[in-house]
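Heads up: numbering here begins at 1 and tracks the sequence.
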Amino acid sequence: MCGIVGYIGQLDAKEILLKGLEKLEYRGYDSAGIAVANEDGVHVFKEKGRIADLRAAVDENIVSQAGIGHTRWATHGEPSRLNAHPHRSASGRFTLVHNGVIENYVQLTREYLQDVNLKSDTDTEVVVQVIEQFVNRGLDTEEAFRQTLMLLKGSYAIALFDHENKETIYVAKNKSPLLVGLGDTFNVVASDAMAMLQVTNEYVELMDKEMVIVTDKKVVIKNLEGEMMSRASYIAELDASDIEKGTYPHYMLKEIDEQPLVMRKIIQTYQDENGKLSVPGDVANAVAEADRVYIIACGTSYHAGLVGKQFIETWAKVPTEVHVASEFSYNMPLLSEKPLFIFISQSGETADSRAVLVQVKKLGHKALTLTNVPGSTLSREADYTLLLNAGPEIAVASTKAYTAQIAVLAILAAVTAESRGKELGFDLVKELGIIGNAMEALCDQKDEMEMIAREYLTVTRNAFFIGRGLDYFVCLEGSLKLKEISYIQAEGFAGGELKHGTIALIEDGTPVIALATQEHVNLSIRGNVKEVTARGANPCVISLKGLEEADDRFVLPEVHPELAPLVSVIPLQLIAYYAALHRGCDVDKPRNLAKSVTVE
């Protein structure tokens, strides 16, 4: 959550920062600001709202070769211009932007800032004021920065300007992601490489509790003990065209349409020269040798993990548990003797999951990360990584990353099953190819999905999704998609659970979307549909070809039933998209949410 950019060089920093923030707006859009320096001083512009609002407020006549910027997802203090970053010290000498949460900001305020009048409600302002207090005691900026960092508890990515040394940006990170980008006559700072692809694709990863001195000619990395650190740069393999909407009205719709291509890319990536599915041997061995797999994830990734559990247990015969990361971190269950942990995260920066990973590594257990972002924190710190190869996902509501996660989990389970001498019973490569074709067919039926959204969800205040087995897991994801972008109160339930309390909420006309793709529970879910219909519900049944009945609202193309979650979710994604569109909601940037959740 939140996004940082910084630039120091020969070009106009103002425009580079604004364009960078536009690429980072998926990380937070409650407010935004930039600080740019020139011979006249440091100029700060801040606005509540989107980057477009900030751009309108920036003085176009100011030309600067250095600056920092920030787009905010509010943690401490309401979204407002006052709480927007950058924040300035009391004298105005220092300007700072920050991602993360400083857990001991109250203590720091009490011990160091009793005589300072804080202007905002943020923990961030406390940091910049403490830095100035150290300078007032005689320390130079670098040492004041270092001393302050040593006091901070919590997560942070920080970029600092000293107005008396406008040729330097001071940078640091702990838990929150931050990169330094390299150029011939400039250097940049960014929370995500895509923000600065406009000027460079060469980056240096920063590790926790490191500080960096950035000028236009050099980048100096030190640990908090002041020791110099050396690290090779890497090339960010991102295509700038991948992060543009092109002719699409929204990123979400573009990313839904990209799912067939992603499926084919995954098949290609995880095949060996003989056309056989393959993952690195050490990864397959780690799963095969584990006595229990623990899948750790949040939100959409958690829902993908529930489907993956079914694959790993059914095909590879390895007991598997799925846990919400934020709960596991504080309430770790009794572990097996030889566990393997699988962390699922689109961004690879999810703070709740990383908190678990840190604990797991201290216990000496092996960890595998499934992520869309190579070089991300979870990827670097785990023992193994499997990449989703879904390409950049910009819309806050995840779509193609979800299906990519399920597909990679299926491949991992299949390869593990083979290594354990278990028969899968079908050709997964062939079936995933069929899935890709089915996805394409579904993406071509947008008009039908829009009609369903208009028919069932335009005026309703709530909706229910019901399914059994694998369909239940997809219903959880479908309800999440609907609630997060349309603001309809939606819940996913195991069909049989409705009668244990929730059916009391069914009123005349309540939409109930039911999935029926699993033959062994088909009659049961049909019975649940009749139960809610008898109470006045407006049922919308989405079934798999071969299980359809006359009154079903939509029939999915025929695919292997164990892989049905890869196709049954697409109508739910599109229905949510059109429901949000019809209700006038911001599809790509729903209120109160951010794409990359980097605070616990």
Side-chain angles (χ1 to χ4, degrees), residues 263 266-267 269-270 276-298 300-325 328 333 335-345 353 356-357 360 365-371 378 382-388 401-429 431-432 435 468-474 476-477 517-518 520 559-566 568-569:
M263 196 58 45
I266 288 172
I267 297 169
T269 299
Y270 288 102
K276 187 176 179 181
L277 287 174
S278 174
V279 299
D282 52 354
V283 176
N285 290 339
V287 181
E289 293 171 2
D291 63 357
R292 187 169 292 268
V293 169
Y294 296 84
I295 295 176
I296 309 296
C298 309
T300 287
S301 297
Y302 172 76
H303 299 155
L306 292 170
V307 178
K309 164 188 163 69
Q310 197 86 353
F311 296 156
I312 296 170
E313 288 194 332
T314 304
W315 302 347
K317 310 301 181 186
V318 180
T320 302
E321 299 179 13
V322 188
H323 292 271
V324 174
F328 194 97
L335 301 178
S336 64
E337 291 186 6
K338 195 174 181 181
L340 173 73
F341 285 81
I342 299 179
F343 293 86
I344 309 177
S345 168
S353 294
V356 179
L357 177 58
V360 165
H365 301 313
K366 296 293 185 180
L368 162 66
T369 290
L370 269 63
T371 183
L378 286 171
D383 299 281
Y384 321 104
T385 295
L386 293 178
L387 294 176
L388 303 179
Y402 170 79
T403 47
Q405 288 165 350
I406 291 176
V408 174
L409 284 166
I411 291 169
L412 176 63
V415 173
T416 303
E418 184 179 14
S419 71
R420 291 170 63 91
K422 310 296 182 184
E423 288 289 335
L424 201 60
F426 59 91
D427 184 345
L428 184 58
V429 173
E431 295 299 337
L432 287 175
I435 291 289
R468 288 177 177 252
L470 288 170
D471 288 338
Y472 165 48
F473 304 146
V474 180
L476 293 175
E477 176 60 13
T517 75
Q518 304 297 300
H520 68 292
V559 297
H560 194 289
E562 291 183 74
L563 300 173
L566 288 165
S568 60
V569 74

Any side-chain heavy atom of [X] sitting closer than 4.5 Å to one from [Y]?
X	Y	result
L386	L370	yes
S353	L378	yes
Y302	I296	no
Q310	L470	yes

(request) Report the C-alpha separation of K366 and E289 in whole Å, then their side-chain angles, then the decisive distance to 0.1 Å, and conclude whether the side-chain contact (heavy atoms from CB on, under 4.5 Å) test is met. (result) CA-CA 11 Å; K366 296 293 185 180; E289 293 171 2; over 6 Å; no

Where [X] and [Y] come nearest, the two heavy atoms and their spacing:
X	Y	value
K309	V322	CB-CG2, 3.6 Å
V356	F328	CG1-CD2, 3.4 Å
T314	K317	O-NZ, 2.9 Å
I295	G305	CD1-O, 3.6 Å
H303	F473	CB-O, 4.3 Å
A410	L563	CB-CD2, 4.4 Å

(message) Check this for me: does any side-chain nitrogen of one of R292 and E321 sit under 4.0 Å from a carboxylate oxygen of the other?
(response)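 Salt bridge present between R292 and E321.
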
Between [X] and [Y], is there a donor-acceptor pair closer than 3.5 Å when you use the side chain of the first and the backbone of the second?
X	Y	answer
R420	A316	yes
E313	T320	yes
S301	A297	no
H323	A325	no
T369	A382	no

Got a second to check how far [X]'s [atom1] is from [Y]'s [atom2], nearest 0.5 Å?
X	Y	atom1	atom2	answer
S345	Q405	OG	CD	8.0 Å
R468	Q518	CZ	CD	12.5 Å
T416	K422	OG1	NZ	12.5 Å
F343	C298	CZ	SG	10.5 Å
L368	I344	CG	CD1	9.0 Å
F311	L412	CZ	CG	11.5 Å

(request) Give me the ring orientation class for F341 and Y294: parallel if the planes are under 30° apart, tilted from 30 to 60°, perpendicular past 60°. (result)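 The rings of F341 and Y294 lie parallel, inter-plane angle below 30°.
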
(request) Could you walk me through whether L335 and H365 pass the side-chain contact (heavy atoms from CB on, under 4.5 Å) test, one step at a time? (result) CA-CA 10 Å; L335 301 178; H365 301 313; 3.8 Å; yes

(message) Run the side-chain contact (heavy atoms from CB on, under 4.5 Å) test on I312 and I342 for me, step by step, so that the C-alpha distance in whole Å, both residues' side-chain angles and the decisive distance to 0.1 Å come before the verdict.
(response) CA-CA 12 Å; I312 296 170; I342 299 179; 4.2 Å; yes

(request) Consider only side-chain N and O atoms of E562 and W315, and report whether a donor and an acceptor are under 3.5 Å apart. (result)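 A donor-acceptor contact under 3.5 Å links the two side chains.
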
(request) Output, in order, the C-alpha distance, side-chain angles, deciding distance and verdict of side-chain contact (heavy atoms from CB on, under 4.5 Å) for L566 and L432. (result) CA-CA 9 Å; L566 288 165; L432 287 175; 3.9 Å; yes

(message) Here's a test for you: under side chain to side chain contact (heavy atoms under 4.5 Å, CB included), which of I267, L428, V559, T403 qualifies with I435?
(response)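 When side chain to side chain contact (heavy atoms under 4.5 Å, CB included) is applied between I435 and each of I267, L428, V559, T403, only V559 qualifies.
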
